[in-house]
Amino acid sequence: MSNLERAPRKSFNDLIYDLIFKNYVWQSIFRTGYPNTPRNQMLAVATNVFLHLHPTRIHRTHVKITHTYCLGGLSFFMFLGLTVTGVLLMFYYVPSVERAYQDIQALESNVRFGQLLRNMHRWMAHAMIILVLLHMMRVFYTGAYKPPREFNWVVGVVLFILTLLLSFTGYLLPWDQLAFWAITVGTTMVGSAPVLGDESKFLLLGGFSVGPNALIRFYTLHVIGLPLVISIFMAVHFWRVRRDGGLARPL
Amino acid sequence: MVSRAAAAIRTRPRREREAEVLVWPDLVFIEFISALIFSIALMVLSAMVNAPLLNRADPDTTPNPSKAPWYFLNLQELLLHMEPAWAGVIVPTIALVLLAAIPYWDRDQDGQGVWFGTKFAGRLTVFGFTAATMVTSLLIIWDGSLHVIWTENIIRGLGLNSDFSWPGGLDWFRNLRGFDTGIPWESLGFTIGGFTMFEDWRAIPLGIPGTTTDPWLLNLNFPSFLSQQLIPVATMVGLPIVFVLFCKALGWIHTRRDIALLIFSAFIGVYLTTTIVGTAFRGQGQDLKPPWDIVVLEE
Ligand code: HEM
């Protein structure tokens with residue numbers, strides 16, 4: 001190969017580069033090298049399953065960090081991180097009143113990086129709520145909800161509610177005093193609704209107070225029900241950002 | 001007829017290619033860096049601060065204070081100042097519906113796509129946020145009777161009157177419930193033409209037919225209704241109106257967008273204040289306390 005003739009002139013960096021990016025396996029995954037022409041860069045975005053959420057070009061003002069502060073993207077990133085850490089947590093956790101608390105204790109003391117895993121999941125959940133709120137504020141203060149984006153704002157409000165519900169259902173799972181009483185207080189508020197209050201509370205808890213039925217309901221909603229629903233709404237949300245002509249800008 | 005939303009899309013100018021940049025590398029790079037920064041920051045946080053884990057859940061041992069997760073403490077805070085149905089369900093539902101409805105009400109295109117797009121947007125935001133934060137704090141202080149304690153301490157402390165206590169005539173102004181317990185409702189009945197009106201303010205017969213199962217509608221406890229429903233709701237409806245009229249008088253409001261800016265900023269102020277008070281300033285029995293005095297007892 002011509003590589004051999006040119007080898008002496010090649011710097012060490014180039015060698016490493018070629019070794020990593022120009023071997024058979026790599027090129028079977030990423031068919032082209034680093035996209036360094038505009039055409040290839042657009043193709044990279046349009047043909048990559050993850051990147052194609054984006055358009056290939058975007059207005060200059062929207063890549064300025066101070067326009068979005070990346071808040072929507074970071075909310076989504078938190079969701080992805082929570083999914084990954086959440087799946088790992090599911091390996092160690094059984095949602096029964098007998099085992100839940102023990103499992104969390106065991107996770108913290110017996111599992112390598114277990115405590116770190118749990119911390120990551122918890123702090124990312126809090127971060128996501130704050131980021132979603134900040135994202136809503138940035139959308140509001142940039143007037144980005146105006147037509148034709150009305151509906152996407154509504155989808156956003158639903159996403160906000162779903163984010164809170166995801167966090168709330170997760171809160172019960174460690175089955176400690178904090179979890180138990182927070183959910184007791186929270187569901188009592190639901191029960192005070194003037195119509196269907198007691199009924200909704202019963203539906204949520206599977207009983208009159210927080211117990212084994214509530215734990216399994218919250219668990220199921222937390223690990224599959226709500227994530228599915230929020231994924232659908234996120235897909236609509238991102239799709240609508242594109243369909244509404246990208247991010248809002250002055251007419 | 002073409003809907004306004006559809007018309008808005010069609011009137012968009014054609015895309016100007018020169019003003020655009022490529023998503024790769026410009027945007028992908030920023031996304032990558034921000035994701036990296038957040039990953040590292042959360043890793044560091046998680047390495048330093050552990051997620052809380054208290055004792056195993058015990059339905060027989062109630063912590064005092066018992067608190068909902070922090071993002072619901074704004075509602076738990078409202079709960080202390082009004083009928084639970086309002087605080088826990090009706091107010092948040094209305095707030096979310098109004099929030100979702102903003103774009104259907106504020107539809108004109110000006111101020112779109114730029115930060116604080118109207119002339120007075122900055123002032124409206126700062127005013128709405130600050131004023132709402134201050135008014136909310138004052139209301140919480142008042143309903144927590146801190147003004148009573150402070151007045152007593154100041155007058156005693158200055159040596160003006162060493163055993164001064166809040167005058168009975170002002171009992172109605174101790175806190176919100178003062179309108180219920182601090183007013184001699186029993187002696188407020190009166191007679192018109194030999195017919196006694198409101199003999200008992202605490203059981204005004206409404207007799208709404210078909211409501212026999214709901215004692216609330218059968219006999220209205222007016223003092224409690226006044227302090228737990230009428231005044232809180234009037235405050236929540238009235239203050240935004242006052243804010244809007246005030247800023248109108250200052251000449252800051254010209255479009256619906258301006259009103260939206262003012263009210264949304266005020267909402268953020270209330271949301272933040274109630275969340276912070278509920279999280280850090282509520283001790284046993286949900287009494288107002290500075291954060292360093294708060295201990296959780298198990299009872
Ligand atoms: C799980 C929660 C959410 C996620 C993951 C999310 C994600 C995103 C992303 C990635 C964008 C692109 C621009 C940007 O990053 O700012 C966006 C735009 C938008 N979001 Fe969200 N969002 C969420 C919640 C919300 C909420 C709560 C609202 C409002 C109530 C909202 C309303 C909008 C609107 C109107 C746009 C278009 C903005 C424009 O055209 O400039 N979203 N969202």
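Residue numbers start from 1 in every chain, and the chains themselves are labelled A, B, ... in the order their sequence lines are given, proteins ahead of strands. Quick caveat, the model's predicted, so the values are computed rather than measured.
For chain B, the option among F180(A), F151(A), Y69(A) with the highest count of heavy-atom pairs below 4.5 Å is F180(A). Among M124(A), M42(A), H121(A), Q102(A), the residue making the largest number of heavy-atom pairs under 4.5 Å with chain B is M124(A). Listed options A87(B), P25(B), S39(B) were ranked by heavy-atom pairs under 4.5 angstrom with chain A; first place goes to P25(B). When G186(A), A193(A), A144(A), G197(A) are compared by the number of non-hydrogen pairs under 4.5 Å with chain B, A193(A) comes out ahead. Contact count versus chain B (heavy atoms, under 4.5 Å) is highest, among F77(A), F168(A), W123(A), for W123(A).
In terms of heavy-atom proximity, A19(B) sits nearest to H59(A) at CB-NE2, 3.5 Å. The heavy-atom pair separating L22(B) from R57(A) by the smallest distance is CD2-CG, 4.0 Å. Scanning both residues, P63(B) and Q177(A), for their nearest heavy atoms gives CD-NE2, 4.2 Å. Taking every heavy atom of both residues into account, T61(B) and W181(A) meet most closely at O-NE1, 3.1 Å.
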Show me, pair by pair, the donor-acceptor contacts under 3.5 angstrom made by side chains of residues 268-277 of chain B, not counting sequence neighbours?
from, atom 1, to, atom 2, distance (Å)
T273(B), OG1, G269(B), O, 2.5
T274(B), OG1, V270(B), O, 2.7
T274(B), OG1, Y271(B), O, 3.1
T275(B), OG1, N74(B), ND2, 3.1
T275(B), OG1, Y271(B), O, 2.5

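Counting only N and O atoms by type, the side chains of D106(B) and Y145(A) include a donor and acceptor under 3.5 Å apart. Donor-acceptor pairing under 3.5 Å is lacking for the side chains of T125(B) and Y141(A).
Panel note: side chain W153(A), backbone A101(B); no donor-acceptor pair is recorded below 3.5 Å. Put simply, the side chain of K146(A) gets close to the backbone of D108(B): a donor and an acceptor are under 3.5 Å apart.
Taking the six-membered ring for Trp and thresholds of 30 and 60 degrees, Y171(A) and Y71(B) have ring planes more than 60 degrees apart, a perpendicular arrangement. Using cut-offs of 30° and 60° on the angle between ring planes, the pair W70(B) and H126(A) is perpendicular.
Atom-to-atom distance recorded for T56(A):OG1 and W24(B):CH2 is 13.5 Å, nearest 0.5 angstrom.
Proximity to chain B (any heavy atom under 4.5 Å) is shown, for V155(A), by neither the backbone nor the side chain. Of the two parts of E108(A), only the side chain, counted from C-beta on, holds a non-hydrogen atom closer than 4.5 Å to a non-hydrogen atom of chain B. Contacts of L74(A) with chain B are made by side-chain atoms alone, with heavy-atom separations under 4.5 Å and no backbone atom involved. For chain B, no part of L215(A) is nearby; none of its heavy atoms comes within less than 4.5 Å. For H67(A), the parts lying under 4.5 angstrom from a heavy atom of chain B are both the backbone and the side chain. Proximity to chain B is absent for every atom of L80(A), based on heavy atoms less than 4.5 angstrom apart.
Q112(B) has its side chain out of reach of P250(A): every pair of non-hydrogen atoms, C-beta onward, lies at least 4.5 Å apart.
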